[in-house]
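Please read the structure below before turning to the comments.
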Amino acid sequence: MSSLAKQAESAFDVEAIRQQFPILSREIDGKPLVYLDNAATTQKPQCVIDALVDYYSTCNSNVHRGAHQLADEATRRYEGARDTVAEFINAYSRNEVIWTSGTTESINVVANGLAQLLTADDEVLVTEMEHHANLVTWQQACKRSGAKLVVVPIKDTGELDLEQFSALLNTRTKLVAFPHVSNALGTLNPIADLTAQAKAVDAWVLIDGAQGIAHEPVDVQVLGCDFYVFSAHKLFGPTGIGVLWGKEALLTEWPVWQTGGEMISEVSYQDAAWNVLPYRMEAGTPNISGAIGMAEAIRWFSELDMDAVQTHEAALLESATRQAEAFDGLTIVGTAPNKVGVLSFVMDEGHPADIGFLLDRQGVAIRTGHHCAEPLMGRLGVPGTARASFSIYNTLDEVDALFAALNKVKTMLG
Ligand SMILES: *Cc1c(COP(=O)(O)O)cnc(C)c1O
């Protein structure tokens, strides 16, 4: 065992963590589940499941508008959840925390708002490693406004080409969007540096935090970005809920996108006036239980020692990378020096889909395909990859189990 791995084991009781996740004791066709699809979604600890059940069992009600006690209680928990998120990312104010259905919707809200301010003279910068959510959304916003979409290249390792990034920034650059961590490759981007450079040309900065938030500490004030977006379901919380964090001045500057209840202050048949933030951005009955579940996940996650979490996850990736490098006929896709939580690979013997199928027969859950990053796969010259992605509850034994299973896959395909 490497020194990194030993250090992780002493500081971090992974068994105690595992016990809080009921699904991890499941078997798949009689084999213990080895869940390595955490970049797609993480599992949920019992306390999050309990928070959802408790909400529906004890105080289910619509928020903000009831004249009764249940509505008060639901509103208190729901708005308390917003405070929890604000504190977690160190927002300047709770008003900057907008509930959405997830990262994808958060980016769409920003794009549909800002797109109305984009002109044909503007440029929008994204990277070659975008998830479709942070690519197609801007691509379409550019088509509508006539702005130019500029794609910053990556190197063959899956690192962003920082020289190109700097060179492509200019006074026409209106918005710069990039992922905190690449879901397909695991590349950890130098987001503070990228943000500082973009702010130097006065561009707005949106960070897609879907893959970063569960692995890296985030302080939006220190980062200096304008928007940081993420989903609860990759952070041990429920599906269908996420956050758009944005600077208050910007969120109030652009025209509203969705309209309806909650987001209005006054309505007549011919006209309407908008509510204050955060409600201005939140039309209709929100995902109340989702917000409460997300806050519980954040409370649970925040109690962990982040240094120990990161050391543990680094040990998992280090072990996986070492074994992958030694594995005959396997090629790692994405070899940036700074990576988090993801081992993407291809094998000489088989298509990624076959690898995924044969691993599943052995209880090992991974993801295969283009990982919602089709242009990136094209750029790297692969049809797709097999992707094992790690979370805090994974063990070094599970990494070994992945490679034992891959050895069998190799025999079966070979
Ligand atoms: C998962 C993911 C998204 C999309 O998140 P949803 O929860 O599906 O909206 C966007 N970007 C990255 C980097 C992701 O990993």
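Throughout, residue positions are numbered sequentially from 1 according to the sequence presented. Note that ligands are numbered from 1 as they come in the structure, with each ligand's atoms numbered from 1 the same way.
- A side-chain hydrogen bond (donor to acceptor under 3.5 Å, both in side chains) with Glu216 is found for exactly one of His180, Gln211, Gln310, namely Gln310.
- When non-hydrogen atoms are compared, ligand 1 lies under 4.0 Å from the side chain of His233 (C-beta onward) but not from its backbone.
- The number of heavy atoms from other shown groups lying within 6.0 Å of CZ (Arg361) does not exceed 12.
- In terms of protein heavy atoms, atom 8 (O) of ligand 1 is closest to Thr104 OG1, 3.7 Å.
- The Ala210 neighbourhood of ligand 1 comprises atoms 2 (C), 3 (C), 10 (C), 11 (N), 12 (C), 14 (C), 15 (O), with distances under 4.0 Å to a heavy atom of that residue.
- Aromatic ring orientation, Tyr393 versus Tyr35: tilted (interplanar angle from 30° to 60°).
- The number of heavy-atom neighbours closer than 6.0 Å to CZ of Phe357, taken from other residues, nucleotides and ligands shown, is 12 or below.
- Ring geometry for Phe327 versus Phe403: interplanar angle of 30 to 60°, hence tilted.
- Residue Ser231 has at least one heavy-atom neighbour below 4.0 Å for each of these atoms of ligand 1: 5 (O), 6 (P), 7 (O), 9 (O).
- In this pair, Phe21 and Trp300 present their aromatic rings perpendicular. The plane angle is above 60°, beyond the 30 to 60° band.
- The closest protein non-hydrogen atom to atom 13 (C) of ligand 1 is Asp208 OD2, 3.3 Å.
- Shortest contact from atom 2 (C) of ligand 1 to any protein heavy atom: Lys234 NZ, 2.4 Å.
- For a threshold of 3.5 Å applied to N or O pairs, the pair formed by Asn183 and ligand 1 contains no separation below that value.
- In this structure, a donor-acceptor pair under 3.5 Å is present between the side chains of Ser106 and Thr100.
- Counting the atoms of ligand 1 from 1 in the order shown, those under 4.0 Å from a heavy atom of Gln211 are 14 (C), 15 (O).
- Within the listing of ligand 1, atoms 4 (C), 5 (O), 9 (O), 10 (C) sit less than 4.0 angstrom from a heavy atom of Thr103.
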